[in-house]
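One structure is given here, and the rest of the page talks about it.
In what follows, chains are A, B, ... by sequence order, proteins preceding strands, each numbered from 1.
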Amino acid sequence: MHVSEVTKIRRKVLAEVSRLALEGTLEENIAGILSTVVSEDGPRYRCCVHKERAVLKDRINMALSQPIGTPLAEAAGKALGGERADLPAVNLLPEACDRCPIDKFLVTDACRNCLAHNCIASCPKKAIMVVQNRAYIDKTICIECGMCKRSCSYGAIIEISRPCERACDLKAIVAGSDRRAVIDYEKCVQCGACKVACPFGAISERSEIVQLIQRIKDGQRVYALLAPAFIGQFGPKVKPEQIIGAIGRLGFHSVKEVALGADAVALAEAGEFTRAVPAEQPFLTTSCCPAFVAMVEKHLPDAGDRVSTTVSPMIAAAKAVKEEDPSAAIVFVGPCVAKKAEARRYPDLVDFVLTFEELAAMFVGAGINVAETEAGDHLTAASRDGIGFARAGGVTQAVLDTVAHLAPGAALKPQRADGLADCLAVLTKMQQGALDANFLEGMACQGGCVGGPGTMADQRLTAKLVELYAGQAPVATAPDNTAARPEIDLHRRKK
Amino acid sequence: MSTLLVEICLGTSCHLMGSQDIIDAIESLPPDKRGKIDLRGVTCLKTCRKGPNARINGVVLSEMTPERTLAVIEDNLP
């Protein structure tokens with residue numbers, strides 16, 4: 001996983017904000033971040049230091065969960081007071097967007113200035129002419145219909161799209177009238193793919209690290225729910241128990257495994273499957289990925305009642321903690337950006353959502369070096385299958401194993417989809433009855449959660465390490481796990 | 001055979017700034033070069049705010065990138 005310069009800047013901002021908040025000097029020193037992260041003589045990515053600082057202001061507002069354009073001291077004050085603006089999880093940073101001046105269709109050197117001139121003939125707007133022995137597209141007339149590209153016998157006309165647009169499988173991000181990217185929240189499911197794709201770092205998720213730090217400082221019992229993809233996020237040499245120890249040093253009261261919630265989900269979902277398929281519905285889909293669930297709600301609402309009514313492992317785990325300690329503050333820590341949107345539907349259960357990247361920034365801000373931290377408690381009260389939820393195919397495995405236990409005769413025919421384009425295509429086919437399957441695992445990120453936008457490690461490596469860790473679990477499947485709590489109500493809240 | 005000692009910091013601050021990329025770059029060097037490098041991970045080089053840090057032949061270098069690291073290695077290979 002390549003850490004680009006924009007990634008470094010985003011992480012430096014988060015680490016500095018954490019450091020100042022932990023020190024208790026955020027409000028006085030917030031403007032100092034402008035010069036610590038971008039120095040006068042430092043490397044320059046934009047036209048001038050002023051532009052870089054303008055961009056940084058957007059980033060700082062996002063790191064404080066305040067609206068873009070809020071004066072920094074005011075934003076810091078609000079964040080310290082626990083305020084969080086009502087922002088989507090994924091936001092555009094207007095100053096950072098380079099308004100990519102991309103001409104969608106471009107004639108390349110492969111143009112032979114042939115006699116047929118299929119491009120000219122095909123253009124409905126007569127926007128193409130021959131200039132210097134080559135086809136030329138007049139951008140002032142072109143409507144970007146793509147006819148010329150399709151008609152050229154040499155494939156000499158190429159289509160270029162913006163990285164953010166290309167990354168969005170749901171076509172939820174487009175260039176606005178001023179060429180700045182605009183996110184269409186009617187279509188967006190907050191998966192974070194555009195954030196990863198933008199080479200200018202112009203899309204970012206809101207962060208609530210300051211509000212969280214204040215909550216810890218206030219002395220509330222704050223629980224971390226650690227998603228199973230955490231294995232290996234701090235490098236392959238760092239032990240899981242060291243990460244747990246480091247979270248304790250940050251002032252968290254306790255660390256719980258989301259994988260334990262995953263066991264409860266596997267039990268509930270397998271029960272639902274055996275009850276409802278095929279008697280009430282032809283197939284059932286998973287519901288653990290919030291971006292997948294939102295995709296169904298927004299793009300394929302007809303399939304809404306095929307989605308499992310079971311909550312996600314995050315919510316299941318949160319419910320279990322809240323039952324034991326009703327005054328707990330709960331922080332989900334994982335690879336996911338869409339969880340930040342999901343958590344807003346359950347404000348009584350989940351107080352904060354952190355990505356692994358944000359957790360690491362908090363460690364850096366606190367001067368905690370995980371590689372030198374003593375091991376904390378060993379977790380794995382979860383089953384092998386529960387831990388396996390972290391990677392694509394894991395949920396299927398867990399539900400398969402659980403169904404085999406609950407209803408040995410039931411025939412579960414699984415189908416998997418990862419990446420939202422794949423999810424949309426496969427679900428559409430299943431709706432039409434065109435696939436011989438009665439269970440769909442839908443994962444918005446390629447590779448499943450290990451490939452999420454909030455990760456810090458290569459997903460193939462993480463998948464391997466998760467596998468190894470899961471192999472050490474005391475029990476294999478959810479039904480074997482006496483610690484799983486299926487008796488809690490695990491019904492999902494709809495929009 | 002003499003080897004070049006290359007130590008890469010695996011501390012959290014350096015990890016966040018991409019020290020794993022540097023390790024990956026060294027690991028994927030062709031065998032003749034990789035064989036001359038004694039690659040080790042260390043947990044801190046005490047210059048956390050300027051990571052990723054590396055120590056090559058005993059000299060601590062800050063704000064490293066995979067490219068810069070490979071260039072320094074190239075200059076120092078035995």
Side-chain angles (χ1 to χ4, degrees), chain A residues 1-16 18-19 33 36-37 39 41-43 232-239 242-243 245-247 249-250 355-374 454-462 465, chain B residues 3-31 33-35 37-56 58-75:
Chain A
M1 170 174 254
H2 175 60
V3 178
S4 69
E5 293 303 311
V6 287
T7 304
K8 287 182 193 174
I9 292 176
R10 185 178 66 238
R11 292 177 176 182
K12 279 181 187 168
V13 169
L14 290 170
E16 276 300 287
S18 300
R19 186 175 70 81
I33 294 177
T36 45
V37 175
S39 61
D41 50 349
Q233 291 298 331
F234 291 83
K237 298 238 164 104
V238 172
K239 296 189 187 76
Q242 287 181 295
I243 301 173
I247 294 174
R249 284 177 67 194
L250 269 180
T355 60
F356 293 131
E357 178 179 274
E358 291 172 272
L359 177 68
M362 284 179 72
F363 287 148
V364 172
I368 294 170
N369 183 349
V370 188
E372 292 186 335
T373 297
E374 275 185 42
T455 57
M456 295 184 292
D458 179 80
Q459 59 159 287
R460 282 159 302 180
L461 183 65
T462 312
L465 294 170
Chain B
T3 54
L4 176 66
L5 179 60
V6 177
E7 296 160 293
I8 307 294
C9 180
L10 307 176
T12 302
S13 188
C14 289
H15 178 70
L16 194 61
M17 289 299 126
S19 60
Q20 190 63 39
D21 289 348
I22 300 175
I23 293 171
D24 293 345
I26 298 171
E27 291 286 13
S28 45
L29 281 172
K33 277 187 190 157
R34 179 67 188 85
I37 298 167
D38 179 8
L39 177 64
R40 296 185 197 176
V42 292
T43 55
C44 191
L45 291 169
K46 313 287 174 214
T47 40
C48 301
R49 296 192 68 175
K50 299 184 117 187
N53 299 307
R55 185 160 56 197
I56 298 176
V59 183
V60 176
L61 302 161
S62 289
E63 289 170 350
M64 293 301 273
T65 60
E67 298 74 29
R68 257 193 80 204
T69 311
L70 293 186
V72 177
I73 287 175
E74 192 70 34
D75 292 345

Is there a side-chain contact between B:Thr65 and A:Lys8 in this structure, where contact means two heavy atoms from C-beta onward sitting under 4.5 Å apart?
yes

If you count heavy-atom pairs within less than 4.5 Å of chain A, which of B:Ser19, B:Pro52, B:Gly18 leads?
B:Gly18

Selection from A:Lys237, A:Lys12, A:Arg19, A:Glu357 maximising heavy-atom pairs under 4.5 Å formed with chain B
A:Arg19

Look up atom NE2 in A:His2 and atom CG in B:Asp21, then write down how far apart they are to the nearest 0.5 Å.
6.0 Å

Kindly compute the distance separating CZ (A:Phe234) from CG (B:Leu16), expressed to the nearest 0.5 Å.
8.0 Å

Do the side chains of B:Arg49 and A:Glu16 get close enough for a salt bridge, i.e. N-O under 4.0 angstrom?
yes

Taking every non-hydrogen atom, the tightest pair across A:Ala371 and B:Gly11
CB-CA, 4.2 Å

Checking side chain to side chain contact (heavy atoms under 4.5 Å, CB included) against B:Ser13, which of A:Val364, A:Val370, A:Asn369 comes through?
A:Val364

Part of B:Cys48 within contact of chain A (heavy atom distance under 4.5 Å):
neither

Any side-chain heavy atom of A:Pro236 sitting closer than 4.5 Å to one from B:Gln20?
yes

Counting only heavy atoms not in B:Arg34 (residues, nucleotides, ligands), do more than 12 fall under 6.0 Å from its CZ?
yes

Separation between CE of B:Met17 and CZ of A:Arg11, rounded to the nearest 0.5 Å:
7.0 Å

